[in-house]
Amino acid sequence: MTIKSWLKPVVSGVAISAISMASLAAEPIKVGFIGSMSSDSGLSGLRAAEIAIDEINNTGGVNGQQVELVTADTREDPTEGIKAYEFLAESAEVDFIVSSSIDDVSLAWMPRFLEYQIPTLDTWASYVGIIDMVKDDPEGMKNYFMNVASDEALATLYINFGADVLKAKMGFESVVILAEDTAFGEAITGLVTEALAPVAGIEVKEVIKYDITTNDFAPLFSKAEQSGADFIYQISTVNAAGLSAQYVKLQVPLAMTGVNVAALGHEYWTDTGGAGAGISTLSPIPAVGLDLDPVSAEFVATYQSRYTSRPVMPHFNGFNVYHGLKQALAAAGEVGGFGDGWSAAMEKQDLKLMKDGELWLRYGWWQHDEIEPVTGRTYPHNIRFDLSEPFDDGAPSMVVVQWHEDGKPYVVYPEKYANGEFVLPSWVPAK
Amino acid sequence: MKLIEKKHLVAWGAFLLIMLLMPNFVSNGTLRIFIFANFLAIFAISWDVLSGRTGYISFGHPFLIGIGVYATAIMSKRFGMPVEYSIPLAVLITMLGSVLIFLPALRIKGSYFALVTLAFMELAYQLVQVVRPDLTGGTRGIFGIKTLTRGAENGFYMSMSLMFAVAFSAWLIMRTQLGTALSALGMQEESLEGSGKSTTKLKLAAFMLSAFIAGLGGAFYAHYVGAIAPRTLFDINFLFTIIVAVLLGGSGTIIGPIIGAFFLTFLLEFLRPYLPGAGRYFIYGAIALLLYMYQPKGIYNLLEKLYQRWRGGAA
Amino acid sequence: MKPVLEVRNLVKRFGALVATNDVSFTLHEGESMTLLGPNGAGKTTIFSQIMGELQQSAGSIHLYSEEISRLKPAARIKRQIARTYQVPRPFAELTVLENIRIGHMPNSIWDMLRQRPDLEYERQLAHKVGLAEADYERTPAELSMGDLRKLEMARSMACKPKIMLLDEVFAGLTAAEVSQISELILKMRADGMTFLMVSHDLPALKPLVDTAIAINQGAEIARGSFDQVMANPAVLSSYLGEV
Amino acid sequence: MTQIIIQGMLLSGLYALIAIGFTLIFSVGRVLNLAYGAYLMIGGYVYFYISQQLGLPKGIGLILAAAVGCLAGLLKYRFIAKPLKGNHVAIEIATLILAIVIQSAIILVFGESTKILHSLVPGIVRLEGVTAPWSNILATGLSWVLIIAVFIFVRQSHTGRAMLAVSQDPKGAAICGINGEWINMVTWGISGLLGGVAGVFFASYTQLSPFMWVGPLIVTVAIVIVGGIGSIIGTLIVAHIIGFLEVIVVSYIAPELRGIFTMLLIILFLIFRPRGLFGREELA
């Protein structure tokens, strides 16, 4: 007799007594959360999942079944991510997984997803290659969804920002790119050099690559200054706070914009000790500084009454987890679980969040054969986005956010969402 | 004493049998934990063959493992080479790469040797990001490496057979005169030379054996996890896990590193529900430090002593 | 008798200090020679140069007419010369038999892997030097000084030398052990072994040697039979000077 | 050119400052304290907690950073270096484990995210078109002062000479009535103190993170290895060689190759000239 067969009667005995005590039938639905528990973005996602599940359980659960949350930490490390995914799939035996994993970690557990086929929703990773996998293998990837706009969509809208604001308004004609030496840095550098120049008419003077372990950016900023460019385009995901803090400490006399992941968090100002002024970054929406629709605002109110430690405001992926998890559970409710029909039911989910009578945020999906008009390609199972004004088909894929010297983040682009102007830091001379 | 006796073979057989039957006793989740424990045990044995025996402390073992990992990942992913060729080639490349840390060992030892190997690991970490990122994947590493198995049970059997094969072969080798000579090298290098043995040849043998195991473990590991990143590979934390596994289990033995690897991996998993984040490493590290300070010969030695006391008490 | 070991005009300098000052001698097959002299006279330094552990500053060393001055220690041992140390340096965590095994195991890695140890031979050697059967599986930490010396002898003998250099072979031994080792050396002499010895135990040394060379401050001061050398006034004063 | 000189001087000053405490322990105890990087981290986080989270004056933050660093040094001596006396490799392994423990403890208390320290002295100067933060100029000045102070202390004071004696011949020193225990404690304490102070400057120049200890540790090891064990002047000179080398590599060759030269220096010196440029003695 194996331990397993010996355990079975005991376990089922416990289960039976539990059932007889509770009038509700069946076992709970298990939702797994995978993300980095010690990072702000991971915590945002986790707390959003807790809130969403509590709300669903308080209104009777899904078809009478209660929902239970199981968590697994990735430490933003691909190997830990694989272990965490295996833990959720095999030890916890969850029915559904919501992920706040960064790109690298999602890519690492992707083979495990293909193996287990547990319905999974990504809320942080934006790598367009994963959406391409859905395109190429619709059957194998049928249970995978990504409710953040893929990075290609982010970059495309950013090029417009270059033309409309940097060139037209600020008069910037040339850029020096300061990019971390990563695959992400290389990809964005490629997009910017290939599209920013021809589309927006901004010349790329020089590309400076730096090691992600760089402590001292002073020589790099000197180099950037000497290039004679009008502004710096930074691509920084790993060491972002350090780079922007030194930018301010050294009072580099050039405007800086681009991708700065640290500035996506509400704690950015306190983390940098106020040394983050003038930095602008693209942000997937909902972003810091973005006004909220009533539904999301209520979620934030609940969040802030429940959690007092950082992050005090959920990151964009917190909103994605909250709305996305509810959609996933609703789809499961419609078809009686996370079985075969779930994917089709999930594809039909379409949450339109309105503010002042206008479409503000949309959690819907691109369908398999639907072509996005601007890029001319398909994005199955990616969140529905809109790349051009007036953004009436979906939310924009991103907004540009800038931290001003008053310590507040403002949305400066696109026009429809803007609540502030793109300005130069006080020490930077105007062009 | 170093010869092979029946009771040893019986013990190995029992160990193999328990491992083979393991999937019947435990859940798939536990099997997954065993898989990582098996790989850690392989790396720990590799470290011990070099550092535990000969006394040349390697602080750069992830460097060796990394060569194997990257070699097979690049060959199979970037050049589409079948795994049957890429793994043996990766092992060969690792053995060649180990010459880089073997040469310094001819001149320096002790702390200095440890530092050189540490520097090699850091150098590899930085080079891998800069040199040909189209091949190495730069900082992000390589994803979607062909995996050899699907499912926890298959992964378990693969890693377990590999670990068992490595452990048993290493054990057999350590029972031969070569094993005796390698241990002697760690105790008294001068006397060994004074007994007419070429210490250079013996060191080379130890480095090659260690690199063989590291390369083999690394290559299979790459094809198990399917994704590698330099940050977690050429990492002091990874080095720490390997060394601590050996020291806790008991260096200079084969079963010690296995015990250490299993103990550490399961401790980490056991702590997961209580401390989901990196805080687990605090408890893990504190236990490692205390054990190292007060039981430097490791758990194996402790068990042996307890067994002898128990037998003494029974007799 | 043919010459087996020739030392010609050996010089070793450590900076300004001359540790070996133009020493020459020839050792013939079956001969037993001793180097006499106070502490620090440079006897062990000569041993180390013969074995290749120290490189001489000038002069040469020949073994069976072949120059070995530039060979590594292991290569010299292969040419059938071995030594013991003033302070025994056993392999602390190996057993007595394993310690002996190090001496006679093959040189090639492949053979080390393939060949089983010759346990019978190890036991014979251990028995020959007078180690007790009960000690065979013990580690050096459990042995007396006398047994450690015997172990050193056995390990050197396991290299199958024809010439043995014995450094302070009687130091730290009880009277009984001294006579045991003496007997062993006499027996090996009878079997044709050539010896070069250093010892402070002059009475024990005397019956074992044919020739003596007295050394002081690295240079030879007298040569002849044991009694002749000991009667030399320069030798006496160098010893007395030490006291 | 001016830019290279100014940036080189500032970076080198910082490197000299972080290396000096490590040199001290290496020269007296002949011990590689791999948890040295953790002193820097402790100093930085203590300063962050006191002056940024509690909002107390920066001076108090700096003093407490030094005090906690000193305490960490003393504890490390009492509970690790002393029990493992003489076994250098064991101390290295134990301090490596300790560094990981400290790293996890900081993650438990402060979380994993990067923190930015306010500069000890805010503001910048522009010299010939090159920006130099006051805080770095102060760090450079302080590193010179501390190095000279330690140099004078070791050469002139009774305790300092006793430290030299212990470093050269522990047994001889004991015979001369020097209390080796006391000297070791003083050395570990001062080393921790210097590490704590250096950590504040290092972190305010760069940033605070639980993984920040590895980088400076490697730089420090390089400086001590290349400079020669226990050579205080060697530390100063080599800190400048490495600092300038890094700035030159970043400005003229390629920024991403910056650390590679440091690593090559370590490897080449350890293999071909283990006593370093100015070293006194070889460590087996």
Side-chain angles (χ1 to χ4, degrees), chain A residues 2-7 33 35-39 42-43 46 70-93 102-112 114-116 127 129 133 180-187 209 211-213 237-238, chain B residues 21-33 35-36 39 122 125-126 129-130 133-134 136-147 149-155 221 223-233 235 237-238 265 268-269 271-273 275-281:
Chain A
T2 64
I3 290 185
K4 239 185 187 171
S5 60
W6 170 80
L7 268 174
F33 174 83
S36 163
M37 304 295 176
S38 40
S39 75
L43 271 180
L46 175 63
V70 187
T71 61
D73 190 14
T74 62
R75 304 186 57 227
E76 296 195 345
D77 169 333
T79 313
E80 284 292 316
I82 291 170
K83 286 191 205 173
Y85 202 93
E86 286 171 351
F87 167 78
L88 291 178
E90 291 182 330
S91 297
E93 297 180 343
I102 56 173
D103 287 11
D104 309 37
V105 174
S106 284
L107 284 166
W109 54 245
M110 200 51 75
R112 299 295 185 271
L114 287 168
E115 186 179 331
Y116 303 123
Y127 185 50
M133 285 168 72
E180 64 185 14
D181 186 29
T182 64
F184 178 73
E186 201 165 295
K209 280 209 248 173
D211 187 280
I212 50 162
T213 56
T237 61
V238 185
Chain B
L21 292 176
M22 195 65 80
N24 296 314
F25 296 107
V26 300
S27 70
N28 277 353
T30 314
L31 282 186
R32 289 288 185 185
I33 302 168
I35 296 173
F36 280 99
F39 278 110
E122 289 293 326
Y125 172 57
Q126 304 205 342
Q129 300 176 46
V130 179
D134 54 322
T136 63
T139 315
R140 277 186 156 187
I142 303 175
F143 301 99
I145 306 163
K146 189 181 181 327
T147 50
T149 57
R150 279 200 161 195
E153 256 183 54
N154 293 333
Y221 182 72
H223 289 292
Y224 168 70
V225 290
I228 50 163
R231 184 161 60 95
T232 48
L233 194 57
D235 179 26
N237 285 280
F238 182 37
T265 315
L268 215 53
E269 288 306 316
L271 292 172
R272 194 189 282 279
L275 278 171
R280 272 182 292 160
Y281 283 83

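Sequence lines set the chain letters: A, B, ... in the order given, protein chains first and strands last, and positions in each chain run from 1.
Taking CZ from F87(A) and CG from N28(B), the interatomic distance works out to 13.5 Å, rounded to the nearest 0.5 Å.
Across all their heavy atoms, V225(B) and I82(A) have their closest contact at O-CD1, 3.3 Å. Smallest separation of non-hydrogen atoms from S91(A) and G29(B): OG-CA, 2.9 Å. Of all the heavy atoms in A152(B) and E90(A), the pair that sits closest is CB-OE2, 3.2 Å. The two residues Y224(B) and R112(A) come nearest to each other via the heavy atoms O-NH2, 3.1 Å.
Contact of E80(A) with chain B is made through the side chain alone, with heavy-atom distances under 4.5 Å. In this structure, the portions of L114(A) lying under 4.5 Å from any heavy atom of chain B include both its backbone and its side chain. If you measure heavy-atom distances from Y221(B) to chain A, the contacts under 4.5 Å come from the side chain alone.
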